[in-house]
Amino acid sequence: MKNRIFPFALLATCLLTCFSFAQTPKASRQSDIVMLNPNADRDIALVTQYAKDITAGNTDQARRQLAANYRSYGPGARDSANVDQWLGIWSERYKMQQDRKITVYASLATRVKEGPLKGDWVMLWFDYSALSVSEGKPVTVPVQLTVKVDNGKIVQERMYYDGLSPLIGLGWTVAPPQTAKK
């Protein structure tokens, strides 16, 4: 009897699960989740100017564009910094690089309607270029920057870039770890 009940119970569970999912309302269209940011032009201008200011070394101006509760994340999943830490990181970059500039290729502003990412977001795709002081060589890094804007201030930033390509461009090599010989 047990052998006949188990397959029936399994089938009933599968059918109920499928029926439950079919009846669960969910956002099925992009327009249910995001919309165009009504402040798109203003927010894109803010983020673009911030990226140019911090690249050029205008840290006082960049600081004015950041909210008091600002956090920067990336490129690693656990990397984060507050305003003072972030500007300190840039101060160290200024010592190692000259002729810093960005070339913005595209931007997009959206509003996330609900959930943990609710708010107005701006995405910039650009190249960051600089001359490495120690190697005397130019370096270009493609960057994707995603920024949350609230009340005309940047409250969160997530930056993604390829950190290995510029090092290889400077002549660095990557070697596998040494393996123990038996």
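Keep in mind the model is a prediction, meaning the values are calculated, not measured.
- What you find for Trp121 and Thr146 is that their closest heavy atoms are CE3-CG2, 3.5 Å.
- Shortest non-hydrogen contact noted between Gly169 and Lys137 is O-CD, 4.2 Å.
- For Tyr128, the ring pair (Phe, Tyr, Trp, His ring centres under 6.0 Å) partners are Trp90, not counting sequence neighbours.
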Asp84 and Arg63: CA distance, side-chain angles, deciding distance, salt bridge (charged side-chain N to carboxylate O under 4.0 Å, His left out) verdict
CA-CA 9 Å; Asp84 292 329; Arg63 181 182 293 275; 2.8 Å; yes
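- Although no hydrogens or angles enter the test, the distance criterion places a donor-acceptor pair under 3.5 Å between the side chain of Lys153 and the main chain of Arg64.
- The local environment of CG in Asp41 is sparse, with at most 12 non-hydrogen atoms from other residues, nucleotides or ligands closer than 6.0 Å.
- Criterion: ILVMFWY side-chain heavy atoms under 4.5 Å apart, direct or through other members. Under it, Tyr161 and Val147 are part of a common hydrophobic cluster.
- Judged by distance alone, the side chains of Thr59 and Gln61 never bring a donor and an acceptor atom under 3.5 Å apart.
- In this structure, Arg100 contributes its side chain and Thr55 its backbone to a donor-acceptor pair below 3.5 Å.
- Transitive grouping of hydrophobic side chains (ILVMFWY, heavy atoms separated by less than 4.5 Å) brings Ile54 and Ile89 into a common cluster.
- In this structure a side-chain-to-backbone donor-acceptor pair under 3.5 Å is missing from Lys95 to Val133.
- When hydrophobic clusters are built by joining Ile, Leu, Val, Met, Phe, Trp and Tyr residues whose side-chain heavy atoms come closer than 4.5 Å, directly or via intermediates, Val143 is not grouped with Met123.
- In plain terms, the two heavy atoms of Ala67 and Val83 that are nearest each other are O-CG2, 3.6 Å.
- Contact of the Phe126 side chain with the Ile102 side chain is registered, since non-hydrogen atoms from C-beta on lie closer than 4.5 Å.
- A donor and an acceptor atom, one from each side chain of Tyr70 and Asn82, are nowhere located under 3.5 Å apart.
- Neither Val155 nor Val122 shares a network with the other; the hydrophobic side chains, linked directly or stepwise wherever heavy atoms of I, L, V, M, F, W or Y lie under 4.5 Å apart, form separate groups for each.
- Side chain of Asp162 to backbone of Ser165: a donor-acceptor contact under 3.5 angstrom is found.
- Side-chain contact annotation: Gln156 with Tyr73, donor-acceptor N/O pair under 3.5 Å absent.
- Side-chain contact, Arg71 with Ser80: a donor N or O sits under 3.5 Å from an acceptor N or O.
- Contact between Leu46 and Gly152 at its shortest, heavy atoms only, is CD2-O, 3.6 Å.
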